[in-house]
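This report concerns only the one structure given below.
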Amino acid sequence: RPLGDDFRWFLKLKCGNCGEIPDKWQYVNQEESVPLKGGRSSASMVQKCKLCARENSIDILGDTIKPYNAEDSESFKTMVQFECRGLEPIDFQPQAGFAGQGAESGTQFPEINLLEKDWTDYDEEVKESVGIYEVTHQFIKC
């Protein structure tokens, strides 16, 4: 599961107006809140497209963040939803900031880094190797 409001979702974002995709990964988190033009609301990130100059935003819908459990293995599960205005997430790069719990033992693993798309450790309680393997993702437009 993503750990804390400061968890960073690293995304590649495409401008919905001109199709520009910056080379660099960008992150959004729940702690950051930027006012939108007009001052009526805010978003986790507001950015101006470098190509077309359109102001776009993306906001994390905090109550949609869910853990991925052992019973979800081998299937896709919605873990977070974003409200996108003018931006489209096209890629996700998991990094540090995940936490896990042993399915059988309840052992806590508070520092999981998925940058390599795999993670392994040893669960002393059950005397077994544990891991997360071949992390994949997909985006679904709502």
Please output the side-chain donor-acceptor pairs of residues 133-142 that fall under 3.5 Å, not counting sequence neighbours, one pair per line with the distance.
unit_1, atom_1, unit_2, atom_2, d
His137, NE2, Asp91, OD1, 3.2
His137, NE2, Phe92, N, 3.3

* Asked: Is there side-chain contact between Pro94 and Lys117, with at least one heavy-atom pair below 4.5 Å?
  -> yes
* Using atom types as modelled and distance alone, determine if a side-chain donor or acceptor of Tyr122 lies under 3.5 Å from a backbone N or O of Lys127. => yes
* Residues in side chain to side chain donor-acceptor pair (under 3.5 Å) with Gln95, at least two apart? -> Gln93
List, one per line, each side-chain donor-acceptor pair under 3.5 Å for residues 99-106, sequence neighbours excluded.
unit_1, atom_1, unit_2, atom_2, d
Gln101, OE1, Gln108, NE2, 3.2
Ser105, OG, Thr107, N, 3.1
Ser105, OG, Thr107, OG1, 2.8
Ser105, OG, Asp123, OD1, 3.4
Ser105, OG, Asp123, OD2, 2.5

* Can you run down the ring-ring contact (aromatic ring centres under 6.0 Å, His included) pairs that involve residues 33-66, sequence neighbours left out, and say none if there aren't any? => none
* In chain order, what residues pass the ring pair (Phe, Tyr, Trp, His ring centres under 6.0 Å) check against Phe76, with sequence neighbours excluded? -> none
* Structure fact -> Contacts satisfying side-chain hydrogen bond (donor to acceptor under 3.5 Å, both in side chains) that involve residues 5-23 (not counting sequence neighbours) are Arg8-Tyr27
* Structure fact -> So the side-chain hydrogen bond (donor to acceptor under 3.5 Å, both in side chains) pairs with at least one residue in residues 74-88 (sequence neighbours excluded) are Asp72-Lys77, Glu83-Arg85
* Taking the six-membered ring where the residue is Trp, are the ring centres of Trp119 and Phe98 under 6.0 Å apart? -> no
* To do: Side-chain contact test, heavy atoms from C-beta onward, threshold under 4.5 Å: evaluate it for Ile60 versus Ile65 and give yes or no.
  => yes
* Structure fact -> For Leu13 and Pro89, the nearest pair of non-hydrogen atoms, with its separation, is CD2-CA, 3.7 Å
* Structure fact -> Quick note, side-chain hydrogen bond (donor to acceptor under 3.5 Å, both in side chains) partners involving residues 46-57, not counting sequence neighbours, are Gln26-Gln47, Arg54-Asn56
* **Hydrophobic cluster (4.5 angstrom, side-chain heavy atoms) - remaining members for Leu36** => Val34, Val46
* Could you give all pairs that pass the side-chain hydrogen bond (donor to acceptor under 3.5 Å, both in side chains) test and reach residues 61-71, with sequence neighbours left out? -> none
